[in-house]
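All values below come from the heavy atoms of this structure, side chains included, with hydrogens, waters and symmetry mates left out. When a ligand or atom number is given, it counts from 1 through the structure's own listing order.
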Amino acid sequence: MPNTPLSQDELKTLVGRAALDYVVPGQVVGVGTGSTVNKFIDALAGMRERIPGAVSSSVASTERLRALGIPVLDASAVESLAVYIDGADEIDGHGCMLKGGGAALTREKIVAALATTFVCIADASKRVQTLGAFPLPVEVIPMATRRIERQFAAMGGRASVRQKNGAPLVTDNGQHILDVQGLQITDPLAFETEVSQWPGVVTVGVFAYQKAQICLLATADGVETIRYA
Ligand code: 5RP
C-alpha cells in the first residue's frame with residue numbers, strides 16, 4: 001500500500017528537527033520566526049542544556065524559547081553567531097529569499113547579519129524560480145506609506161497596508177507592513193539595494209545580502225540539503 005503523503009505541518013516538523021544538526025554545542029544560536037521555526041524551537045528544547053541560549057528575531061519566538069527554558073540573549077550581547085536558522089516565504093536557486101510573512105523581517109535581517117551561516121528551513125512549496133509570487137513584505141514608517149506605495153506602483157507593484165483586527169498591523173518595532181503584489185524580482189541584490197534606500201523603508205523583505213548558505217528543504221522523499229555558493 002502506498003504511504004500517505006506527509007502533511008505540510010509534518011514536513012515542517014521534519015525540517016525543524018533536521019536543523020538541530022546545524023546547532024553548534026556550546027554556542028549561542030540565532031533563531032528566526034514563523035511556523036517552521038516554531039518546530040525548530042520545539043526540537044531545540046531537547047538540547048537546551050548544550051547551548052548557552054539563543055538570539056531571537058521576534059517577540060513571538062522569544063516567548064516560545066523562554067517558555068521552553070531556553071535563555072534569550074540580546075542581539076547586542078553577541079559579536080557574532082555561527083548559525084542562524086529561519087524559514088522563508090520563497091527561496092530561489094541561489095539562496096536568495098523573500099521573507100516577512102510573519103512581519104518579523106527587520107529583526108530577522110539584523111540577526112541574520114550577525115551569523116556566519118544562514119540555514120533556511122522550508123517545505124518544498126517555498127522553492128521558486130523567481131521571487132515575487134508571494135506578496136513582498138516591506139516594513140515602513142507610517143508617514144511614508146503613500147509615497148512608497150506610489151514608488152512600487154511605478155514598478156508595476158500593488159502595495160497594500162497589512163491589516164490585523166481591522167487596523168494596520170503594528171510590528172515589534174512599532175511600524176507598519178506593506179505587502180506588494182505583482183513584482184517579478186529577477187535581480188534580488190539590485191532590488192534590495194534600491195528599495196532599501198527609499199526614505200521611510202525600514203526593511204525590504206528580500207534577503208539577498210543575507211541570503212541562505214544552506215537550505216533544508218522538506219520534500220515527500222525526506223529532507224533535501226541544498227548548499228549555495
Ligand atoms: C517571518 C518570516 C517567516 O520565516 C516566513 O514567513 C515563513 O514562515 P512559515 O515558516 O510560517 O511559513 O519571514 O517574518
Side-chain angles (χ1 to χ4, degrees), residues 6-20 22 29-44 54-65 75 83-92 95-113 115 117-128 131-140 161-164 168-181 183 185 188 192 195 201-219 223:
L6 294 179
S7 67
Q8 199 180 25
D9 192 64
E10 289 168 324
L11 290 173
K12 288 179 183 188
T13 302
L14 198 67
V15 80
R17 287 184 186 149
L20 287 185
Y22 293 84
V29 59
V31 175
T33 299
S35 57
T36 314
V37 165
N38 283 345
K39 305 291 192 182
F40 166 65
I41 294 174
D42 294 348
L44 188 63
V55 172
S56 163
S57 63
S58 64
V59 172
S61 289
T62 296
E63 285 173 353
R64 197 176 187 98
L65 286 158
V83 68
Y84 175 64
I85 293 171
D86 198 358
D89 298 303
E90 292 183 341
I91 182 160
D92 74 10
C96 296
M97 294 164 288
L98 192 150
K99 291 182 46 54
L105 62 163
T106 296
R107 296 187 188 196
E108 289 174 344
K109 220 175 243 193
I110 292 168
V111 185
T117 303
F118 188 137
V119 177
C120 175
I121 52 175
D123 61 82
S125 69
K126 307 292 183 69
R127 181 153 59 177
V128 298
L131 302 178
F134 188 94
L136 171 71
V138 185
E139 184 163 357
V140 298
V161 178
R162 193 180 299 181
Q163 303 288 308
K164 187 177 179 185
L169 176 145
V170 178
T171 67
D172 288 350
N173 312 306
Q175 310 303 337
H176 290 174
I177 298 282
L178 279 177
D179 290 306
V180 190
Q181 299 188 51
L183 298 172
I185 304 167
E192 183 181 13
V195 176
V201 167
V202 179
T203 302
V204 58
V206 170
F207 283 53
Y209 281 101
Q210 271 79 43
K211 75 185 189 87
Q213 278 75 46
I214 296 170
C215 180
L216 303 179
L217 200 70
T219 72
V223 176

- Query: Mind checking whether Leu44 and Leu20 have side chains closer than 4.5 Å, heavy atoms only?
  - Reply: yes

All side chain to side chain donor-acceptor pair (under 3.5 Å) counterparts of [X], not counting sequence neighbours:
X      : value
Glu10  : Ser7
Gln213 : none
Ser35  : Lys12

- Item | Contact residues of ligand 1 (heavy atom under 4.0 Å), by chain and number | Lys12, Thr33, Gly34, Ser35, Thr36, Asp86, Gly87, Ala88, Asp89, Lys99, Gly100, Gly101, Gly102, Ala103, Ala104, Glu108, Lys126

- Task: Return yes if a side-chain donor-acceptor contact under 3.5 Å exists between Thr106 and Thr203, otherwise no.
- Result: yes

- Message: Assess whether a salt bridge exists between Lys211 and Glu192, defined as any Lys/Arg side-chain N lying under 4.0 Å from an Asp/Glu carboxylate O.
- Response: no

